Amino acid sequence: MSKVLIERAKKILLKNNQEGGFTIPTEKLYPFQWMWDSGFIALGFAHFDLEKAKTEIKNIFNAQWTNGFLPHIIFHTKADTYFPGPDFFQSELSEFSSKKHKTSGITQPPVFGFVLEKIYQIVDDKKDFLKFIKSQIDKVYLNHVYFFENRDINNEGLAYIYHNWESGTDNSPLWDSIWETMNPPDYKFERKDTDHVDSSQRPTKREYDHYIYLLEIAKNYKYEDKKIADFSPFLVQDPLFNSILLKSNQSLINLYSLIGGEEKKIEYLENKLRMGINSLNKKLYDSELGAYVYYDLRNAKKLKLISSSSFSPLFCEAPDERISNQLKKTFSQKFNSEDKYTCASFDTSSENFNPKKYWRGPVWINLNWILFHGFNGYGFFDISERLKKDSIDLIENKGFYEYFDPSNKSDKNKERACGSKNFSWTAALYLDFCLRKI
Ligand code: 2M8
């Protein structure tokens, strides 16, 4: 832990914080407010400027749709350095969309339940922060109800995602088999991301065609969930997304219990939590691979691949003793070797592993943070401490980058900084890794 870098991390967050009180992930590449980024950013701000953490969260919920949906991007301001922007998403097509803000029409992992609880744990003035929680918690609850009532078509306690951007792990090799079932047009559009960072570290044009095609379908149905569930070629139960949902669900139960008098909501959440954990273990745990996998609802099959998400159910305490011991084994074999930084985002033994290409292999600090808490909660301290140490080492040696090449760990001079610099959640979670005592 370095005092100088702690100050630098704070500066990055303050610099990325915009007029109006929201924080962009990074300049140019992502010039708006992104949903799960903002959760991690709020965790970082909570260590030195609690008011900014509160405003960050309030700004997300100010753009909530009337059906509880939270969009993954809020276009607070105009910027022409990102595609697709508000004119492409046309959130106004949905009868539920925010009247105050232009937004996207897809969501991201629902982090706010656990973010509120994690902040509550570290603040000095608990009474004051509980007041803030009281002002926001029903909006988080409404978001969870949205998922369970609209995105859980088989009543399993698990939500589906209908776009790879909803997963947060945009171009993971997980999606490759789904792309093979689709044949989108060769669209004409002007990408902006490749103007800002090395294009070899970003998704291909053909991948973007698929991303755009899925959005065209959703728009065609005015973002109506029922229609999307019936017709979208991409419909997936994602263990990372659902572990975050269920972890946040547990946090909501804990926070409502602190507040008192909300038995009905607690009962609803407990019921969904039980169902969700049961389904994670029954449906998404794969005993052959010794890891959790994704379920492709549209094509009715498991996606039998291992990624860093495969271990995220530890975060919501889904695994029993047998499964958790197996996860530890699988992780140690595939993701914790001496010659690589922990944790690659995709199976390093796969031919599709690419150490520099976005979500196809690099280390991401938010995934390391989630897995740190997961393994730590089960008492697997050798792994959790390694996740923390490698995150801190990468940042201290290479900078606050978006993602990092994990390969050839002993090569100290290796170029491993990837994507954008001064990345907000890297800075925020560095602060949390260094400063959190509980
Ligand atoms: C990346 O995703 C956006 C689309 O949402 C993009 O590439 O344009 C992902 O890494 C995602 O997880 C992240 O929230 C977003 C902003 O940092 O960038």
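First listed ligand is number 1; within each ligand, the first listed atom is number 1. Keep in mind the model is a prediction, meaning the values are calculated, not measured.
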Taking the ring centre of each residue, are F400 and Y430 less than 6.0 Å apart? yes
Between F45 and F48, is the gap from one ring center to the other below 6.0 Å? yes
Only one of K11, K10, K3 passes salt bridge (charged side-chain N to carboxylate O under 4.0 Å, His left out) with E7, and that residue is K10
Considering both backbone and side-chain atoms of T169, is one of its nitrogen or oxygen atoms within less than 3.5 Å of a nitrogen or oxygen in ligand 1? no
Taking distance alone, with no angle check, do E402 and ligand 1 share an N/O pair under 3.5 Å? no
Any idea which protein heavy atom is nearest atom 3 (C) of ligand 1, and the distance to it? D170 OD2, 3.4 Å
Just heavy atoms, cut-off under 4.0 Å: does W364 contact ligand 1 by side chain, backbone, both, or neither? side chain
Would you say W165 and ligand 1 have an N/O pair spaced under 3.5 Å apart? no
Of the listed options (F32, Y358, Y30, Y208), which comes nearest to atom 7 (O) of ligand 1 when hydrogens are ignored and any heavy atom counts? Y358
Per ring-ring contact (aromatic ring centres under 6.0 Å, His included), W34 is matched among F423, F40, Y82 by Y82
Hey, is ligand 1 close enough to G168 that some N/O pair sits below 3.5 Å? yes
Assess the side chains of D170 and W359: does a donor N or O sit below 3.5 Å from an acceptor N or O? no
Would you check whether Q108 reaches within less than 4.0 Å of ligand 1, judged by its heavy atoms? yes
Ring centres under 6.0 Å, that's the criterion: do W369 and W425 meet it? no
Region of M35 engaging ligand 1 - heavy atom pairs below 4.0 Å: neither
Is the closest N or O pair between D37 and ligand 1 shorter than 3.5 Å? yes
Where is the tightest heavy-atom contact between I277 and L246, given as atom of each residue plus distance? N-CD1, 3.9 Å
